[in-house]
Amino acid sequence: MLADLSSSMSAGLEKNLEMIDFNKLRPMGFSDAYVTIGNFDGVHRGHQAIIRKMVHTAKNQNRPILVVTFFPNPADYFNPELDAFYLSTPKEKETQLLDLGVDRVITFRFNRDFANLPPRDFLSGLQEKLGLDKLVVGHDFALGKNRTGTIPVIKEIAREMSFSVEIIEPVDMGGEEISSTKIRHRLAEGRVAEAAQMLGRPYVVSGEVTHGSDRGARIGLPTANLLPWGKKKLPAVGVYATKVLYEGRDYSGITNIGFRPTFEKQMLPNMETHILSFDGNIYGEKLTLKFIGKIRDEQRFSGVDAFLAQIERDKDTARRIFSDDET
């Protein structure tokens, strides 16, 4: 079966992601730049509102648009025992931000020195090296050591350093403010459709297909065992309707996240997908799963026949979920 998820905790960081030490930052040749700063985990609809406002204004003025972010997340850095919680890998985040029309994503390495930066030193560095002219941030933004760089503090620094600050109001859904934390809570409860509404797109998990026990193939239900980045937040244990992206094409699938109680007793969950109407050897290939809706909780069956009968019902449920998602 799939290797346990904890074995990939340090895997999954793309080799072509550039991370920069702030104290080694060199001038990048930008001037009069629009800059925003934040974790941007998941690049949800609230983040998108900030970026789109920047892009709309800056493009009209022919100004560069820069996003400053960092890795690891401060919560992860200071509490490394935390369960996996990232909504996006650093590279996924970079790609999602660039797709919104920004010119450059700068990822700083979050370490003790970075955490201890006074707000003034950080903003001075951005002005000197990145050409900061306008800072665009959310209403609850704060930066610098112990988050002392609150909005009033930033505005005072901006007056002294002659750059402007624009505050973007929060985006809500049904009266509830959208945040990465609330999306994580939805995923932890298996409410992937609600998470997708907050994200503005389905929640995705990518990984490599690994060799398993091949039990599924022997009983007529081949599955792809997926090994994701170990820090990636997974939806709750259960069975989901997923779209499976492979080699540029979307397939329909059913994904189980769980412990396989019918066949064996596992200590850690795994993730396996049965791709509908697909026949091919994809071991070692990369798949991306888009979680569309939850089908049911994981359950234990009396035997193979009962299990396969339920899978047929799951397929019907998945097709209804896909149909509803397209309307």
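- A donor-acceptor distance shorter than 3.5 angstrom exists from the side chain of Asn60 to the backbone of His56, with no hydrogens or angles considered.
- Relative orientation of the Phe22 and Phe114 rings is perpendicular, given thresholds of 30° and 60° on the angle between their planes.
- By the 4.0 Å N-to-carboxylate-O rule, Arg186 lies close enough to Glu176 to be salt-bridged with it.
- Ion pairing between a basic and an acidic side chain is recognised when a charged N comes within 4.0 Å of a carboxylate O; Glu169 and Lys53 show no such pairing.
- A salt bridge links Lys232 with Glu92; the closest basic N to acidic carboxylate O contact falls under 4.0 Å.
- Comment: Glu247 does not engage Arg249 in a salt bridge, judged by the lack of any side-chain N to carboxylate O separation of less than 4.0 angstrom.
- In the hydrophobic clustering of ILVMFWY residues, with side-chain heavy atoms under 4.5 Å counting as a link, Val55 and Leu135 come out apart.
- Look at Asp41 and Arg184 and you find a salt bridge, because one of the NZ, NE, NH1 or NH2 atoms lies within 4.0 Å of a carboxylate O, short of that distance.
- For Gln48 (side chain) and Val43 (main-chain N/O), a donor-acceptor pair under 3.5 Å exists by modelled atom type.
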Kindly list each side-chain donor-acceptor pair under 3.5 angstrom involving residues 117-124, sequence neighbours excluded, with atom names and distances?
unit_1 : atom_1 : unit_2 : atom_2 : d
Arg120 : NH1    : Glu160 : OE1    : 2.4
Arg120 : NH2    : Glu160 : OE1    : 3.4

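- A perpendicular orientation is assigned to the rings of Phe278 and Tyr251, their planes being inclined by more than 60° (bins at 30° and 60°).
- A salt bridge links Asp316 with Arg319; the closest basic N to acidic carboxylate O contact falls under 4.0 Å.
- Using bins of under 30°, 30° to 60° and over 60° for the plane-to-plane angle, the ring pair Phe40/His47 lands in the perpendicular bin.
- With salt bridges taken as basic N to acidic carboxylate O contacts below 4.0 Å, one links Lys290 and Asp250.
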